[in-house]
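The structure appears right after this line, and notes come after that.
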Amino acid sequence: MIHEGQKTFRSQVAYVDLVAVLIVSALIIVIANSPAAAAVFAALGVAWVALTLRSAIKVTDYGF
């Protein structure tokens, strides 16, 4: 939701993705007993979250 006066909008999906990456990484360690695989998955997941957070919708006088 964009509020009056707000200039940018960032989706909350990135934060949900981050939590999912952390949970799956922990499950990989517990179930598969593979910290290396969990580290690779976590690194890729954090990179994805960073790219998602970087994207935004900017609102200007000319539109979106």
Side-chain angles (χ1 to χ4, degrees):
M1 171 182 276
I2 296 178
H3 300 286
E4 186 176 344
Q6 187 175 351
K7 297 293 182 187
T8 59
F9 172 76
R10 295 189 190 278
S11 176
Q12 301 298 319
V13 173
Y15 300 113
V16 174
D17 288 345
L18 181 61
V19 170
V21 164
L22 294 174
I23 290 172
V24 170
S25 294
L27 287 174
I28 290 171
I29 292 172
V30 170
I31 294 172
N33 196 20
S34 179
V40 169
F41 181 80
L44 292 173
V46 168
W48 175 256
V49 169
L51 288 173
T52 306
L53 280 174
R54 190 167 184 241
S55 65
I57 298 173
K58 296 197 183 285
V59 180
T60 65
D61 293 335
Y62 303 109
F64 292 104

- Transitively linked via ILVMFWY side-chain contacts under 4.5 Å: V16 with L18?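 They do not share one cluster, since no chain of ILVMFWY contacts under 4.5 Å joins V16 to L18.
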- Query: Would you say I23 and I29 are hydrophobically clustered, going by side-chain heavy atoms of ILVMFWY under 4.5 Å?
  - Reply: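 Looking at the clustering, I29 is in a separate group from I23.
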- Quick one: does L53's side chain get under 4.5 Å of Y15's, heavy atoms only?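 The answer is yes; the side chains approach within 4.5 Å.
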So which atom in [X] and which in [Y] form the shortest heavy-atom distance, rounded to 0.1 Å?
| X | Y | answer |
| --- | --- | --- |
| I28 | A37 | CG2-CB, 4.1 Å |
| A38 | S25 | CB-O, 3.5 Å |
| T52 | A14 | CG2-CB, 3.7 Å |
| W48 | D17 | NE1-OD2, 3.4 Å |

- Hey, what else clusters with L44 if you join Ile, Leu, Val, Met, Phe, Trp, Tyr whenever side-chain heavy atoms sit under 4.5 Å?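 So far as hydrophobic clustering goes, L44 is joined with V40.
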